[in-house]
Each structure stands twice: as structure tokens, then as C-alpha cells.
Undergrad: 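Let me give you the structure first, and then I'll get to my questions.
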Amino acid sequence: MIVALASLELAALLPRFKHAAASAGFILALAAPLAVVTAGCGWLLSLGGGYDAQLLEWHKWLGTATAAGSVLTAILFWRGKFSAYRISLFATAGVLMAAGHLGGSLTHGSDYLTQYAPAPLKKLLGIQTAKQNLTSRSLAELQQQPVFAGVIEPLFENKCVHCHGAEKSKAGLRLDSFAALQDGSDDGPVLKAGDAAQSPLIQRLLMPTDSDDHMPPAGKPQLSTGEITLLKWWVNAGAPATNALGQLAAPPEVLAALPVR
Ligand code: HEC
């Protein structure tokens with residue numbers, strides 16, 4: 001509603017559409033209270049945890065600013081301060097878009113906007129196919145480390161251990177160490193070494209996002225396509241505990257998905 005109203009106000013600058021924003025009062029009467037309710041719901045949701053802390057911090061404050069801006073915009077309008085109202089409206093619309101983008105990054109992963117973009121466009125935007133926030137290691141450094149400790153464990157740590165760790169272990173499954181992973185869940189093993197397709201852990205990742213069984217659950221930070229490629233490859237390679245990357249012949253798509261500089 002805020003973006004629509006900003007568009008209407010822009011259109012109203014043209015003589016042909018000068019009445020475009022005639023319903024501004026009505027739109028604001030809906031938008032301002034709803035913005036406050038929305039920010040409140042977001043705040044409550046954030047208490048559930050499991051989100052990237054830095055993204056969440058920004059999203060929280062920009063979301064709060066959006067709500068405050070919407071209320072201010074409405075007040076200025078009702079007070080008849082029309083130029084201040086327009087400035088406030090456009091500023092709020094801008095903050096709203098930034099907050100919305102961060103909200104998308106929180107729930108769908110930070111590469112959600114460009115994940116399925118055509119390769120040439122990605123190249124143009126300077127996006128690597130496997131963008132990860134883990135590290136600034138070089139490939140040579142990573143080759144020396146055990147794949148589990150260097151790649152797989154940090155990935156679980158980032159996206160799974162929040163629910164499958166020492167504090168919470170949903171379904172009796174812990175993913176915070178190699179031994180815990182081998183112990184599986186209340187229902188038994190989650191890994192079949194050498195066979196990703198038959199491993200519940202991998203199957204869960206590949207289920208449609210709207211399925212109740214999909215992992216991580218809907219609304220939580222998701223794995224990138226590169227991260228799924230890595231996990232699948234590691235399981236198919238026998239899910240080894242200590243083998244270094246250099247000892248396992250990793251195909252090019254796996255090397256491309258590694259979290260390296
Ligand atoms: C927000 C909390 C949450 C996060 C994050 C999460 N899970 Fe889960 N996971 C659950 C819950 C709850 C269940 C049990 C319900 C179910 O079976 O769907 C579960 C069940 C599972 C199971 C099935 C265990 C069994 O045998 O029944 C696997 C495998 C699994 N998760 C893997 C993962 C992986 C891998 C990740 C990270 C990529 C992950 N989960 C992230 C909450 C979470």
C-alpha cells in the first residue's frame with residue numbers, strides 16, 4: 001500500500017493524472033496501523049531464533065523504521081502538511097524496500113534474488129555461483145583440511161545446529177559433531193554412506209520447500225544450491241570423517257561450490 005501510494009503520488013505530478021492520489025487518506029488509514037502490526041509480528045517471529053544475526057539486526061531496525069515512517073506519513077497528511085507528507089512517504093517507501101529485501105534474504109537465503117538468474121546476468125552482477133559467507137580461505141588451504149571439519153561441519157553449524165544441537169535436538173538428531181551425525185535420529189540413521197539418494201538427511205533437503213518434511217523448515221534460512229551439491233557429494237563419497245578434500249577426487253561442480261575466496 002505504501003509503494004502503491006508513492007506511485008500514485010508520482011503519477012499525480014502529471015496533469016493528466018492529477019487526481020490519482022485522491023484516496024491517499026483512505027490508503028494511509030489502512031497502511032499505517034497495518035505497518036505497526038506487521039512490524040510487531042516480525043519482532044515476535046524473530047524471538048524464535050535461527051536467523052542470521054546481522055541480517056536480522058538490520059531487518060529489525062529497518063522494519064521498525066518502516067512502521068514509524070508510515071505512521072508519521074499519515075500524521076503529516078492529516079495535519080495538511082502535504083510537502084512534508086510526500087517526502088516522508090517516498091523515504092518510507094525506500095526504507096520499506098530495503099527492509100523487504102533483507103526479510104527475503106532472512107527467509108530464503110541471501111542469494112534468493114539471483115539464485116535462479118541466468119548465468120550471463122550473474123556474471124554481469126559479479127556473483128559467483130556458490131556464494132557463501134563462511135570463509136576467506138583459499139582453495140589450496142581447504143584442500144589440506146578434512147572435508148567434514150572444513151566444509152560440512154560449518155555448514156551444519158550455520159543452518160542446522162540451531163535445531164539439531166546440544167540445546168535443541170529435534171527428532172533426537174544432533175548435527176554438531178561427526179559422532180552425533182552417525183548416531184542418527186530417534187528413527188535411526190540419517191545417512192547411508194555412499195548413497196545420498198537413500199540418505200534421509202539428503203532426501204529432506206531435496207523435498208519441495210512447502211513440504212512439511214523439508215529441511216530446514218519453511219521460513220528458516222535455506223541451503224544454497226551449492227551447499228546441497230557439497231553435501232550430496234560428500235555423502236556419495238562415503239561420508240568420510242577425516243579424508244582431506246585433496247584426497248577425494250572432487251568434480252568441477254563441487255570445486256565451484258566450495259566456500260573459498
Ligand atoms: C527450525 C528448526 C530446524 C532446523 C533449522 C533444521 N531442522 Fe531438521 N528437523 C526439525 C524438526 C522439528 C524435525 C522433526 C520433524 C520432522 O521430522 O519433520 C526435524 C527433522 C529432521 C530430520 C529427520 C530426522 C528423522 O529421522 O526423523 C533430518 C534428517 C533433519 N531434520 C535434517 C536437518 C538438516 C540437515 C538441517 C540443516 C540443513 C536441519 N534439519 C535444520 C527442525 C529443524
Side-chain angles (χ1 to χ4, degrees), residues 41-57 59-60 102-112 115-116 129-135 146-241 253-254 257-259:
C41 289
W43 199 292
L44 290 179
L45 187 59
S46 77
L47 300 178
Y51 299 103
D52 181 297
Q54 207 189 350
L55 275 179
L56 179 62
E57 193 67 16
H59 178 63
K60 208 187 239 178
L102 291 173
S105 301
L106 279 174
T107 32
H108 309 301
S110 55
D111 60 352
Y112 82 103
Q115 191 173 359
Y116 299 109
T129 334
K131 188 165 127 256
Q132 301 201 8
N133 54 3
L134 291 178
T135 184
V147 182
F148 183 75
V151 179
I152 306 298
E153 203 170 19
L155 198 161
F156 285 150
E157 185 64 44
N158 255 359
K159 303 269 171 81
C160 318
V161 165
H162 176 72
C163 297
H164 297 289
E167 280 152 35
K168 278 191 232 166
S169 52
K170 301 284 185 176
L173 175 64
R174 284 180 61 167
L175 296 172
D176 51 350
S177 70
F178 187 79
L181 178 60
Q182 302 306 308
D183 282 346
S185 72
D186 293 340
D187 287 345
V190 293
L191 272 192
K192 191 159 182 245
D195 195 349
Q198 295 301 319
S199 298
L201 186 132
I202 305 294
Q203 290 166 346
R204 294 271 184 154
L205 303 177
L206 298 176
M207 285 174 183
T209 355
D210 55 1
S211 152
D212 281 347
D213 289 336
H214 174 83
M215 285 293 138
K220 299 293 171 189
Q222 297 293 309
L223 263 56
S224 68
T225 27
E227 288 172 328
I228 295 178
T229 305
L230 289 171
L231 271 176
K232 247 165 89 177
W233 167 73
W234 177 72
V235 174
N236 278 331
E253 71 268 20
V254 167
L258 286 169

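Remember, it's 1-based here, ligands and their atoms both numbered in the order they're listed.
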Undergrad: Donor-acceptor pair, Q222 side chain versus P217 backbone, under 3.5 Å?
TA: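 Yes.
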
Undergrad: Can you tell me if H164 contacts ligand 1 (heavy atom of the residue under 4.0 Å from the ligand)?
TA: yes

Undergrad: Kindly identify the option in L223, L201, D212 whose heavy atom sits closest to atom 29 (C) of ligand 1.
TA: L201

Undergrad: Could you tell me whether a side-chain N or O of H164 sits under 3.5 Å from a main-chain N or O of S169, the two making a donor and an acceptor?
TA: no

Undergrad: Could you identify the single nearest non-hydrogen protein atom to atom 28 (C) of ligand 1 and state the distance to 0.1 Å?
TA: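 The closest one turns out to be L173 CD2, 3.5 Å.
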
Undergrad: Judged on heavy-atom distance to atom 27 (O) of ligand 1, which of L231, I228, V190, D187 sits nearest?
TA: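 Considering heavy atoms of L231, I228, V190, D187, the nearest to atom 27 (O) of ligand 1 sits in D187.
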
Undergrad: Quick one: look up the protein heavy atom nearest atom 14 (C) of ligand 1 and list residue, atom name and how far away it is.
TA: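 Nearest neighbour among protein heavy atoms for atom 14 (C) of ligand 1, to 0.1 Å: A171 CB, 3.8 Å.
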
Undergrad: Suppose we measure from atom 38 (C) of ligand 1 to each protein heavy atom; which comes out shortest, and what is that distance?
TA: C160 SG, 2.6 Å

Undergrad: Classify the contact between L175 and ligand 1 as side chain, backbone, both or neither, using a heavy-atom distance cut-off of under 4.0 Å.
TA: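 Just the side chain.
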
Undergrad: Quick one: which ligand 1 atoms are inside 4.0 Å of a heavy atom on K220?
TA: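 In order of number, 1 (C).
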
Undergrad: Just wondering, do W233 and V147 contact through their side chains at under 4.5 Å, heavy atoms?
TA: yes

Undergrad: Check whether any heavy atom of D186 sits under 4.0 Å from an atom of ligand 1.
TA: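 No heavy atom of D186 comes that close to ligand 1.
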
Undergrad: Who's the nearest protein heavy-atom neighbour of atom 3 (C) of ligand 1, and how far?
TA: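 Residue, atom and distance for the closest contact: C163 SG, 2.6 Å.
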
Undergrad: Identify the closest protein heavy atom to atom 26 (O) of ligand 1: which residue and atom is it, and at what distance?
TA: S185 OG, 2.5 Å

Undergrad: For S211 and M207, indicate whether the former's side chain and the latter's backbone hold a donor-acceptor pair under 3.5 Å.
TA: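 Checked: no pair found.
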
Undergrad: Could you tell me whether the side chain of W234 and the main chain of P240 form a donor-acceptor pair under 3.5 Å?
TA: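 Yes; at least one donor-acceptor contact below 3.5 Å.
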
Undergrad: Give the residue and atom name of whichever protein heavy atom lies nearest to atom 18 (O) of ligand 1, and the separation in Å to one decimal.
TA: R204 NH1, 2.8 Å

Undergrad: Which option wins on minimum heavy-atom distance to atom 33 (C) of ligand 1: E157, M215, H162?
TA: M215

Undergrad: Check whether any N or O atom of K170, backbone or side chain, sits under 3.5 Å from an N or O atom of ligand 1, and answer yes or no.
TA: no

Undergrad: Relative to the heavy atoms of K159, which atoms of ligand 1 are at a distance of less than 4.0 Å?
TA: 5 (C), 37 (C), 41 (C)

